[in-house]
Amino acid sequence: MFNRAVSRLSRKRPPSDIHDSDGSSSSSHQSLKSTAKWAASLENLLEDPEGVKRFREFLKKEFSEENVLFWLACEDFKKMQDKTQMQEKAKEIYMTFLSSKASSQVNVEGQSRLNEKILEEPHPLMFQKLQDQIFNLMKYDSYSRFLKSDLFLKHKRTEEEEEDSPDAQTAAKRASRIYNT
């Protein structure tokens with residue numbers, strides 16, 4: 001039974017092959033709705049600029065926006081090549097998020113052992129352990145609350161309403177007809 005289902009599925013063209021009658025891809029049906037992607041994983045949420053924006057709004061209300069800001073700053077830092085820029089960015093990250101006098105201090109284990117000496121020889125993964133702690137904090141704490149929040153649910157409803165609009169239904173029917181031939 002399973003093999004027959006797989007066989008039937010494999011005969012259908014993948015969503016990436018769906019094209020409208022004018023030959024252009026039907027992007028609204030190529031990928032999941034953004035809220036569905038966000039709900040699938042924190043990683044997906046953090047890869048989507050709109051998702052990051054909504055998550056930041058939520059964290060701001062929870063007084064923990066510094067967590068995602070630190071995580072994003074570390075992501076930017078890892079991409080840097082120039083040593084001078086790395087030193088400046090490392091100092092900025094330290095002063096903003098890790099120093100005892102930080103304006104947006106994050107709560108990470110081993111923070112008390114950090115000092116400015118680490119900033120003299122920066123390397124792309126110098127904040128990785130701390131970034132991982134913050135990621136896990138967000139993943140197992142804030143993220144689950146975000147998915148239950150009014151902010152997320154309202155965005156999800158808006159997407160569903162847009163999908164149920166007459167224009168979207170026409171496109172869906174057209175895509176379904178093309179996909180099933």
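Not one N or O on the side chain of E57 forms a donor-acceptor pair closer than 3.5 Å with the backbone of L151.
Evaluation of the ring-ring contact (aromatic ring centres under 6.0 Å, His included) rule for F146 yields F55, F58, F152 as partners, not counting sequence neighbours. For E50, the side-chain hydrogen bond (donor to acceptor under 3.5 Å, both in side chains) test picks out R54, with sequence neighbours left out. Contacts of D48 classified as side-chain hydrogen bond (donor to acceptor under 3.5 Å, both in side chains), with partners at least two apart in sequence or in another chain: W38. With sequence neighbours excluded, the residues that form a side chain to side chain contact (heavy atoms under 4.5 Å, CB included) with Q128 are K78, L125, Q131, D132. Not counting sequence neighbours, the partners of K139 by the side chain to side chain contact (heavy atoms under 4.5 Å, CB included) test are L42, E43, F135.
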Please determine whether side chain to side chain contact (heavy atoms under 4.5 Å, CB included) holds for the pair E160 and T35, giving the CA-CA distance in whole Å, both sets of side-chain angles, and the decisive distance to 0.1 Å.
CA-CA 10 Å; E160 289 167 352; T35 52; over 6 Å; no

Applying side chain to side chain donor-acceptor pair (under 3.5 Å) to S99 and Q105, what does each step give before you reach the verdict?
CA-CA 7 Å; S99 156; Q105 190 177 40; over 6 Å; no

Determine, step by step, whether V52 and L46 satisfy the side chain to side chain contact (heavy atoms under 4.5 Å, CB included) criterion, reporting the C-alpha distance in whole Å, the side-chain angles of both residues, the deciding distance to 0.1 Å, and the verdict.
CA-CA 5 Å; V52 170; L46 294 172; 4.3 Å; yes

Go through the steps to decide whether T96 and S103 satisfy the test side chain to side chain contact (heavy atoms under 4.5 Å, CB included), and finish with yes or no.
CA-CA 5 Å; T96 305; S103 57; 4.1 Å; yes

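Side-chain contact between H123 and M126 is present, with heavy atoms from C-beta onward closer than 4.5 Å. No side-chain heavy atom of C74 sits under 4.5 Å from any side-chain heavy atom of F97. Residues P122 and M80 are not in side-chain contact: their nearest non-hydrogen atoms beyond the backbone lie 4.5 Å or more apart.
Between atom CG of residue L45 and atom NZ of residue K53 there is a gap of 13.5 Å, rounded to the nearest 0.5 Å. For the atom pair D76 CG and W71 CH2, the distance stands at 9.5 Å (nearest 0.5 Å). How far CD1 of I93 is from OG of S104: 12.5 Å, rounded to the nearest 0.5 Å. Note that the NZ atom of K37 and the CD atom of E47 stand 9.0 Å from one another [nearest 0.5 Å].
For residues 81-91, every residue pair satisfying the salt bridge (Lys or Arg N to Asp or Glu O under 4.0 Å) rule, not counting sequence neighbours, is listed here: K89-E92.
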List the atom pairs, with distances to 0.1 Å, where a side-chain N or O of residues 62-70 and a protein N or O form a donor-acceptor pair under 3.5 Å, not counting sequence neighbours.
unit_1	atom_1	unit_2	atom_2	d
E62	OE1	R145	NE	3.3
E62	OE1	R145	NH2	2.5
E62	OE2	R145	NE	2.9
E65	OE2	R56	NE	2.8
E65	OE2	R56	NH2	2.8

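The minimum heavy-atom distance between A102 and L98, with the atom names listed, is CB-N, 3.9 Å. Closest approach of L119 and A90 over heavy atoms only: CD2-O, 3.5 Å.
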